[in-house]
Amino acid sequence: MNIQVVKWSVDITMGITFMLCGITGIFKFTFFMRAFSVTGIVLPMALMSDIHDWSGVVLWLLVAVHLFLNRAWILSMTRKMFTRQGNAD
């Protein structure tokens, strides 16, 4: 499989998971639930909490995979940043 397709898939999935975790995290605050007229009847708090927790775990795993797939670029940029430190750029 093409590595660029794998990276793209991981990034898209990571973005969707981030949005899911963020939205459920915001709605876990009762103020926002009341402000948007979302009650526990529409979306039970236990279910929302489970979605939030599991999406956080999945997001953590996707970030780890993302960093692993991009490790060559990260190391290259880190080396460049440290070698430029002495220059007048």
Side-chain angles (χ1 to χ4, degrees):
M1 182 179 261
N2 186 356
I3 192 69
Q4 294 303 322
V5 174
V6 173
K7 286 181 179 183
W8 179 82
S9 300
V10 168
D11 289 349
I12 291 297
T13 308
M14 192 167 46
I16 292 168
T17 308
F18 172 77
M19 293 300 293
L20 184 63
C21 189
I23 290 169
T24 56
I26 288 170
F27 279 112
K28 282 179 75 172
F29 292 107
T30 55
F31 169 76
F32 290 112
M33 287 186 74
R34 280 186 262 127
F36 292 106
S37 300
V38 179
T39 62
I41 296 170
V42 176
L43 188 59
M45 189 61 102
L47 175 62
M48 189 166 34
S49 187
D50 285 345
I51 292 170
H52 178 75
D53 294 345
W54 280 107
S55 63
V57 171
V58 171
L59 182 60
W60 179 83
L61 290 171
L62 288 169
V63 167
V65 170
H66 174 82
L67 291 174
F68 177 78
L69 291 173
N70 291 291
R71 68 191 179 280
W73 180 83
I74 293 169
L75 291 172
S76 172
M77 289 303 294
T78 303
R79 283 188 200 105
K80 283 183 183 180
M81 293 303 292
F82 283 117
T83 56
R84 286 188 188 179
Q85 231 175 18
N87 295 346
D89 290 348

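Computed from a prediction, not measured in an experiment: that's the story for all the values here. Only this structure's heavy atoms are used, side chains among them; waters, hydrogens and symmetry mates stay out.
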Checklist entry - Between Val57 and Val63, is there a shared hydrophobic cluster once you connect ILVMFWY residues whose side-chain heavy atoms come closer than 4.5 Å? => result no
Next on the checklist: Side-chain heavy atoms nearer than 4.5 Å, only ILVMFWY residues, links allowed to pass through others: does that put Leu75 and Trp73 together?
Outcome noted: no
Item to check | Contacts of Asp50 that satisfy side-chain contact (heavy atoms from CB on, under 4.5 Å) - sequence neighbours left out | outcome: none
Checklist entry - Listed by chain and number, what are the side-chain contact (heavy atoms from CB on, under 4.5 Å) partners of Ser9, not counting sequence neighbours? => result Val5
Checklist entry - Pick one: which of Val10, Val6, Ile12 meets side chain to side chain contact (heavy atoms under 4.5 Å, CB included) with Trp8? => result Ile12
Quick one: [atom1] on [X] to [atom2] on [Y], what's the gap to the nearest 0.5 Å?
| X | Y | atom1 | atom2 | answer |
| --- | --- | --- | --- | --- |
| Leu61 | Met14 | CG | CE | 12.0 Å |
| Leu67 | Ile74 | CG | CD1 | 5.0 Å |
| Phe18 | Ile23 | CZ | CD1 | 9.5 Å |
| Met45 | Met48 | CE | CE | 4.5 Å |
| Asn70 | His66 | CG | NE2 | 4.5 Å |

Checklist entry - Looking at side-chain heavy atoms only, is the closest gap between Leu20 and Ile16 below 4.5 Å? => result no
Item to check | His52 side chain vs Thr24 backbone, donor-acceptor pair below 3.5 Å | outcome: no
